[in-house]
Amino acid sequence: MATTRRAAGMLFIFTTIFLDIVGIGLIIPIMPQLVAQFVGGDLSEASRYYGALGSVYTLMQFLFAPMLGAWSDQVGRKPVLLISLFGTALSYLMMALSPSLVWLFVARTLAGLAGASLTVATTYIADVSSPEDRAKNFGMVGAAFGIGFIVGPAVGGLLGSLGLHVPFYAAAAITLLNFLYGLFIVPESHAVENRRKFTLDKANPFSWVTLLRKYPVVMGLTSTFVLMGLAQNALHSTWVLFTTYRFHWGTAENGAALAVVGLTAAIVQGGLIRVLMPKLGEQRAIIVGLLIGALGFLFYGLATQGWMMYVILTFASLGGLAGPAIQGLVSRTVGPYEQGAVQGALTSLMSLTGVVGPMFSSLLFAEFTGPKARMELPGIAFFVGSALMLVAMLLAIRLFGRLDKLAPAPEAGPVAAAS
């Protein structure tokens with residue numbers, strides 16, 4: 001019976017995370033055109049609001065993820081997850097029915113707040129997993145992310161061709177079905193005797209600042225990590241704007257291309273990285289990954305035909321070496337007692353780039369496209385992203401040149417690393 005209940009819980013969590021990621025990917029091919037409807041069909045003008053919508057969503061996740069996690073420590077995981085699922089479904093319906101941009105922003109704010117439950121979902125896995133199954137179950141989270149980023153854009157593009165509001169209704173219906181499954185079938189995972197009272201200090205989203213300062217190597221890598229995150233967000237937030245403007249792609253074409261982006265990323269992260277990392281080593285993998293990323297961004301901005309984007313993204317996907325290599329180097333630098341905390345701090349830092357990046361890159365697109373542009377350059381955000389990647393690479397090379405002086409001895413623990 002206990003095994004069956006754990007299996008039901010894992011299915012619920014897998015589906016919840018999968019739907020969260022599908023929901024993100026589902027609206028990417030559609031949102032620019034939906035926003036454009038409110039500004040007279042002008043894609044350049046719509047991009048000013050499109051980036052802000054992405055930034056609002058990420059900001060809410062960043063601010064409320066620690067709060068929801070701490071709240072679930074007091075009331076249990078299931079109530080928080082169910083409330084978040086209901087909020088997510090409601091946000092989809094609000095987006096489908098929004099009569100104005102103001103309501104669209106309200107809906108995305110609610111979606112970001114509800115999406116902050118990802119922290120609670122992963123905690124649920126830790127609650128129900130035995131030590132020998134924990135790695136396998138967390139691997140399912142990675143699989144949910146990967147499959148979601150492939151399925152989301154593809155389905156969103158196809159449903160969007162039937163009507164811009166259709167994908168939102170579909171996402172709301174599926175999310176409500178998962179809500180009902182969780183309500184009636186899924187057990188609570190957090191035992192009453194393990195609960196602790198909620199306090200505001202446990203919900204501080206900026207607690208990672210003090211932690212990162214304890215590790216000089218990690219602090220040295222944060223600049224590289226931040227610049228890489230800003231560049232990646234420039235790509236994510238302007239891809240559809242760029243391809244729609246330059247190649248006149250519709251929702252189906254953009255959805256198919258973004259599904260290929262997810263597929264190539266999954267191949268690199270799930271397979272090639274295991275082959276290439278031992279041969280390159282972490283430091284060279286970081287440098288090679290950032291260099292490939294910089295070239296890929298440059299080529300995206302220079303592309304003149306739609307088919308070129310598929311060729312470029314196949315090459316540029318190898319830039320995915322850099323992120324795992326950075327995390328691997330960090331894990332070898334940090335003491336065993338703060339591995340999770342430091343990795344979580346880096347995740348929070350990357351979330352902040354998701355607040356700044358979309359708004360900045362979409363504003364760049366707006367300034368360099370349309371009839372009022374001083375100079376037509378729709379790939380401007382990609383060119384800036386390429387420059388950010390190059391600077392990130394140079395900072396990494398500089399850090400590696402003095403790594404021996406910064407890194408603690410192999411046997412050092414948290415105290416030595418902090419000195």
Start with the C-alpha distance between Leu101 and Val39, add both sets of side-chain angles, then the distance that settles side-chain contact (heavy atoms from CB on, under 4.5 Å), and finish with yes or no. CA-CA 9 Å; Leu101 273 173; Val39 292; 4.1 Å; yes
side-chain contact (heavy atoms from CB on, under 4.5 Å) for Leu43 and Thr369? Distances and angles first, verdict last. CA-CA 9 Å; Leu43 186 65; Thr369 57; over 6 Å; no
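- Taking CG of Leu290 as the start and CG of Leu388 as the end, the distance is 11.0 Å to the nearest 0.5 Å.
- No side-chain donor-acceptor contact under 3.5 Å links Arg108 to the backbone of Met95.
- The two residues Val35 and Ala46 come nearest to each other via the heavy atoms CG1-O, 3.6 Å.
- A 4.5 Å side-chain heavy-atom check between Ile312 and Phe297 finds every atom pair outside the cut-off.
- The residue from Leu241, Ile30, Thr244 that alone fulfils the side chain to side chain contact (heavy atoms under 4.5 Å, CB included) condition with Asn254 is Thr244.
- Put simply, the side chain of Thr224 gets close to the backbone of Ala392: a donor and an acceptor are under 3.5 Å apart.
- The number of heavy atoms from other shown groups lying within 6.0 Å of CZ (Phe179) is above 12.
- Phe247 pairs with exactly one of Tyr300, Trp307, Phe242 by the ring-ring contact (aromatic ring centres under 6.0 Å, His included) rule, that one being Phe242.
- Residue Phe38 qualifies as enclosed at atom CZ: its count of foreign heavy atoms under 6.0 Å is above 12.
- The heavy-atom pair separating Ser362 from Gly51 by the smallest distance is OG-CA, 3.1 Å.
- Side chains of Ile286 and Gln283 form no contact here, defined as non-hydrogen atoms less than 4.5 Å apart.
- Side-chain contact between Ser317 and Ile267: absent, with no pair of heavy atoms (C-beta onward) separated by less than 4.5 Å.
- Taking the six-membered ring for Trp and thresholds of 30 and 60 degrees, Phe365 and Tyr245 have ring planes more than 60 degrees apart, a perpendicular arrangement.
- The main-chain N or O of Ser84 is found under 3.5 Å from a side-chain atom of Thr88 such that the two form a donor-acceptor pair.
- Proximity of a side-chain donor or acceptor of Ser161 to a complementary backbone N or O of Leu158 within less than 3.5 Å is detected.
- A donor-acceptor pair shorter than 3.5 Å can be found between the side chains of Ser237 and Ser361.
- To the nearest 0.5 Å, the span separating CE on Met389 from CD1 on Ile292 amounts to 10.5 Å.
- Under the 4.5 Å side-chain criterion, counting only non-hydrogen atoms from C-beta, Val226 is not in contact with Leu352.
- Listed here is the closest heavy atom pair of Met228 and Ala322: SD-CB, 3.9 Å.
- Atom OG1 of residue Thr251 and atom CE of residue Met31 lie 13.5 Å apart, to the nearest 0.5 angstrom.
- Between Glu253 and Thr243 there is no side-chain heavy-atom pair separated by less than 4.5 Å.
- Surrounding CZ of Phe105 are more than 12 heavy atoms belonging to other residues, nucleotides or ligands, all under 6.0 Å away.
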Take Asn178 and Leu85 through the side-chain contact (heavy atoms from CB on, under 4.5 Å) test and state the conclusion after the steps. CA-CA 8 Å; Asn178 194 41; Leu85 279 172; 3.8 Å; yes
